[in-house]
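The structure presented is a predicted model; accordingly, all values stated were derived computationally and were not measured.
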Amino acid sequence: MRAAFRGLVGVAVLLLLWELLSNSDLVPPGYIPPPTVIGATLVRLLLDGVFVYDVIASVLAWAIALGVAIAVAVPLGLVLGSVPAVRRATRTVVELMRPIPSVAMIPLAILLFGGGPEAKIVLAVYASVWPILFNTIYALDELDEQLVDTARAFGTSKPRIMATVALPSAAPFVMTGIRTAAAIALIVVVSTELLAGATLGLGQFILTASSGGGRMDLVFAGTVVAGLIGYLVNAGLEWVQRRFFAWGARTGETV
């Protein structure tokens with residue numbers, strides 16, 4: 001509770017300084033709207049069905065991308081982390097693909113999938129797979145061999161060991177990777193909408209607001225909504241990690 005209060009105080013101080021700076025002569029009028037103007041604009045937008053559709057489009061694309069990334073990265077990480085031969089065989093390909101920025105692949109994604117939601121979902125999946133994958137692999141590197149040996153001594157098959165021993169032990173690491181991937185996926189979704197000119201989404205809304213008349217209050221309002229979504233997602237996942245993986249939270253956070 002005390003940490004939350006301090007956080008609210010920090011936000012209040014930031015908003016106050018922002019308000020004073022926006023209304024001073026140091027900033028050209030309309031260049032950086034004050035929080036009061038942005039707040040009023042945001043309230044009007046939330047009552048507007050079109051803007052709500054943009055928010056839903058971005059959140060839905062983010063949720064699909066994160067779900068697909070988890071479904072791909074966790075099983076693949078278990079295989080790469082538990083089968084050294086496969087890990088060595090794929091190391092070069094993985095290390096070549098991982099550094100490629102997802103935004104650099106936007107033209108290719110548009111060429112393959114067009115300007116629909118498929119492009120931003122595919123790019124978000126590509127970007128968010130890596131933290132989950134490598135956290136899963138590293139978790140298996142830290143797996144207590146005595147647990148595996150004990151399971152083998154009782155005649156447990158390797159797939160069952162992976163499901164009942166390896167995966168529960170790796171869960172805190174995997175959850176940390178998911179938290180990181182969730183933020184990355186949201187960034188990529190909004191960035192793709194902004195750069196690729198999607199038909200719906202927060203990025204498309206921000207792009208439209210910044211062109212033409214240059215309504216900076218709309219731009220900041222859309223940006224604030226994107227930031228709030230990211231904050232709420234991270235806070236929710238952090239709660240899940242504390243609630244269900246408290247026994248390994250400290251270990252998971254170190255990855």
Does Val233 belong to the same Ile/Leu/Val/Met/Phe/Trp/Tyr cluster as Ile56, with side-chain heavy atoms less than 4.5 Å apart forming each link?
no
Next item on the list: Measure the shortest side-chain to side-chain distance between Ile229 and Val55 over non-hydrogen atoms and say whether it is less than 4.5 angstrom.
Entry: yes
Q) Do Arg44 and Thr41 meet the criterion of a side-chain donor-acceptor pair at a distance under 3.5 Å? A) yes
Cluster check Val43, Val50: I/L/V/M/F/W/Y, side chain < 4.5 angstrom: no
| said: Same cluster or not: Val52 versus Val219, using hydrophobic residues (I, L, V, M, F, W, Y) connected whenever any side-chain heavy atoms lie under 4.5 Å apart? | reply: no
* **Row check, Phe134 ring normal vs Arg98 NZ/CZ: under 6.0 Å, within 45°** => yes
Value for CZ (Arg243) from CD (Glu238), rounded to nearest 0.5 Å, stands at 15.5 Å
On a heavy-atom basis, the closest approach of Pro33 and Ile38 is O-CD1, 3.5 Å
When rounded to the nearest 0.5 Å, the distance separating CD1 of Ile178 from CD1 of Ile132 is 5.0 Å
With the side chain counted from C-beta on, respond yes when Trp239 and Phe244 share a heavy-atom pair under 4.5 Å apart, and no when they do not. yes
Smallest heavy-atom separation, Leu218 atom then Ala209 atom, equals CB-CB, 3.6 Å
Quick one: do Leu46 and Tyr231 end up in the same hydrophobic cluster if we chain Ile, Leu, Val, Met, Phe, Trp and Tyr together by side-chain heavy atoms under 4.5 Å apart?
no
Contacts of Thr223 meeting side chain to side chain donor-acceptor pair (under 3.5 Å) (sequence neighbours excluded), chain-then-number -> none
Residues Trp62 and Leu186: closest non-hydrogen pair is CD1-N, 3.4 Å
Here the gap from Leu45 atom CG to Asp217 atom CG, rounded to the nearest 0.5 Å, amounts to 8.0 Å
Looking only at heavy atoms, the pair that brings Leu237 and Ala182 closest together is CD1-CB, 3.6 Å
Nearest heavy-atom contact between Gly77 and Leu140 is O-CD1, 3.8 Å
Show me, pair by pair, the donor-acceptor contacts under 3.5 angstrom made by side chains of residues 100-113, not counting sequence neighbours?
none

Task: Steps toward side chain to side chain contact (heavy atoms under 4.5 Å, CB included) verdict (Trp130, Val94) - done: CA-CA 9 Å; Trp130 304 111; Val94 169; 3.7 Å; yes
- Query: Given side chains that start at C-beta, do those of Asn135 and Val174 come closer than 4.5 Å, heavy atoms only?
  - Reply: no
Close side-chain approach of Leu202 and Phe51, heavy atoms under 4.5 Å = yes
OH (Tyr53) and OG (Ser58) are apart, to the nearest 0.5 Å, by 15.0 Å
- Could you tell me whether the side chain of Gln204 reaches within less than 4.5 Å of the side chain of Asp54, counting heavy atoms only? yes
Side chain to side chain contact (heavy atoms under 4.5 Å, CB included) between Phe220 and Leu42, worked out: CA-CA 9 Å; Phe220 275 92; Leu42 183 56; over 6 Å; no
**Prompt:** Is Glu95 salt-bridged to Arg91, going by a charged N under 4.0 Å from an acidic O?
**Reply:** no
*pair Val188-Ser128: side-chain heavy atoms closer than 4.5 Å*: no
Distance col, row Thr192:OG1 vs Ile187:CD1, nearest 0.5 angstrom, shows 11.0 Å
Value for CD1 (Ile137) from CG (Leu76), rounded to nearest 0.5 Å, stands at 7.0 Å
Give every donor-acceptor pair under 3.5 Å between a side-chain atom in residues 120-127 and any protein atom, sequence neighbours left out.
residue	atom	partner	partner atom	Å
Lys120	NZ	Glu193	OE2	2.7
Lys120	NZ	Leu200	O	3.4
Tyr126	OH	Met97	O	2.4

task = Say whether Leu133 and Val93 are linked into one hydrophobic cluster, either directly or through other cluster members, by side-chain heavy-atom distances under 4.5 angstrom.
result = yes
